Amino acid sequence: MRMLINVAETVVADALRGMAAAHPDLVVDAENRVIVRRDAPVAEKVALVSGGGSGHEPLHGGFVGPGMLDAACPGEVFTSPVPDQMVRAAAAVDSGRGVLFVVKNYTGDVLNFQMAAELAEDEGVQVASVLVNDDVAVTDSTFTAGRRGTGATLFVEKIAGAAAEEGMPLERVEALARRVVESSRSFGVALSACTTPAKGSPTFDLPPGELELGVGIHGEPGRERRAMMTSREIADFAVDAVLEDLEPRLPVLVLVNGMGATPLLELYGFNAEVRRVLDERKVPVARTLVGNYVTSLDMAGCSVSLCQVDGELLRLWDAPVETAGLRWGR
């Protein structure tokens, strides 16, 4: 095992200590596993809270800050955070205008955020929740009933975060978040398996010269396994899978997302192929984001996420954001 860690048991705590050292605009509670923007609670503002297993960085902790999340709850690697973390986060950021939980569709996350919402409401915090389930690859998977939540989580957190920053009420922020989910689809491809620190070996077997089409962000099985394909062939398959389900009638946001070990040189080349397919299908592109945003540790591969946007959603996407993992306009 070749990893830049001390021991597997402290990898998340060590990362949180490093995050605190690098980002003084965040309050990082490494003991209780909560990351909060330093100016929280922000007066007269709906707060956004999300979270999930570690190993997908910068999701979610890297998206805490003005214009996106108010707090994030990191679990152990590929393991849901617990309700106590979520309740603590909600209490830390609630200004009295309510809290929106952004939840990826994985069974542990869903159950724990549901319990946390009930506990927070018992303490007087108004909570709404939105479920992200954008992955078109499979219907049910290893950790999921229904579609998995993947790259569109970034779209939801950015657009809903901008709406909250503008002072919109909880009902409106929730409705916008749901619109983003309904307007988004994703598809992922693995060129290699990922390795968790605790296991120290690949989480699934992917022989040399093969790839997994439709892989999940924890290495869950996809639609099929094939011999290695070119970037052009992968783009044809992935984008067609998304468009078959989404059928966009508006311009789209494009996220070409690296799984953790694929260099930007390859991701930009892949983006060129994605754009070619969209141009051939006469799908107009409003904005494009390329990089590692919703990762799977050291997995080589990528995902494509599309979100069709009207003028309002595009304006909120373009609104200023200042986080460790995403920033523009400030």
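Fair warning: this is a prediction, and the values are worked out from it, not measured in the lab.
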Do you see a donor-acceptor pair shorter than 3.5 Å between the side chains of Asp135 and Thr150?
no

Under a 3.5 Å cutoff, is there a donor and acceptor pairing between the side chains of Asp14 and Thr10?
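Present: a donor and an acceptor within the cut-off.
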
Under a 4.5 Å cut-off applied to non-hydrogen side-chain atoms, are [X] and [Y] in contact?
X      : Y      : answer
Val36  : Val93  : yes
Leu306 : Leu243 : yes
Val46  : Glu174 : no
Val189 : Met229 : no
Arg225 : Pro207 : yes
Val103 : Val130 : no

If you look only at pairs with a residue in [range], which of them pass as a salt bridge (charged side-chain N to carboxylate O under 4.0 Å, His left out), with sequence neighbours excluded?
range            : value
residues 54-81   : Arg33-Glu76, Arg37-Asp70, Lys45-Asp70
residues 183-196 : Arg185-Asp245
residues 251-260 : none

Under the side-chain contact (heavy atoms from CB on, under 4.5 Å) test, which residues partner [X], sequence neighbours left out?
X      : result
Asp25  : His23
Thr323 : Phe63, Met68, Val321, Leu326
Glu121 : Val127

Distance-only, no hydrogens or angles: does the Ser184 side chain make a donor-acceptor pair with backbone N or O of Cys307 under 3.5 Å?
no

Side chain Thr288, main chain Val254, donor-acceptor under 3.5 Å:
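No, the answer is negative, given that no donor and acceptor are paired below the 3.5 Å cut-off.
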
When you check the gap from the basic side-chain N to the acidic O, do [X] and [Y] get nearer than 4.0 Å?
X      : Y      : result
Asp84  : Arg88  : no
Lys158 : Glu165 : no
Glu44  : Arg97  : yes
Glu273 : Arg275 : no
Arg178 : Glu182 : no

Tell me, please, which residues at least two apart from Ser305 pass side chain to side chain donor-acceptor pair (under 3.5 Å).
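So Ser305 forms a side chain to side chain donor-acceptor pair (under 3.5 Å) with Ser186.
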
If you compare all heavy atoms of [X] against all heavy atoms of [Y], which two are closest, and at what distance to 0.1 Å?
X      : Y      : answer
His56  : Ser296 : ND1-CA, 4.3 Å
Ser192 : Asp298 : OG-O, 4.2 Å
Gln308 : Leu313 : O-CD1, 4.0 Å

For residues 249-268, which residue pairs pass the side chain to side chain donor-acceptor pair (under 3.5 Å) check, not counting sequence neighbours?
Asn257-Ser303

Using 30° and 60° as the class limits, which term best fits the ring planes of Phe187 and Phe237: parallel, tilted or perpendicular?
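Phe187 vs Phe237 ring planes: tilted.
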
Would you please name every residue forming a salt bridge (charged side-chain N to carboxylate O under 4.0 Å, His left out) with [X], sequence neighbours left out?
X      : answer
Asp310 : Arg179
Glu123 : none
Asp94  : none
Arg223 : none

Heavy atoms from other residues, nucleotides or ligands near CD of Glu280 exceed 12 (cutoff 6.0 Å)
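Yes, because the 6.0 Å sphere around CD of Glu280 holds more than 12 heavy atoms from other groups.
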
Assess whether side chain to side chain contact (heavy atoms under 4.5 Å, CB included) is satisfied between Val181 and Asn133, documenting all intermediate values.
CA-CA 7 Å; Val181 172; Asn133 56 354; 3.4 Å; yes

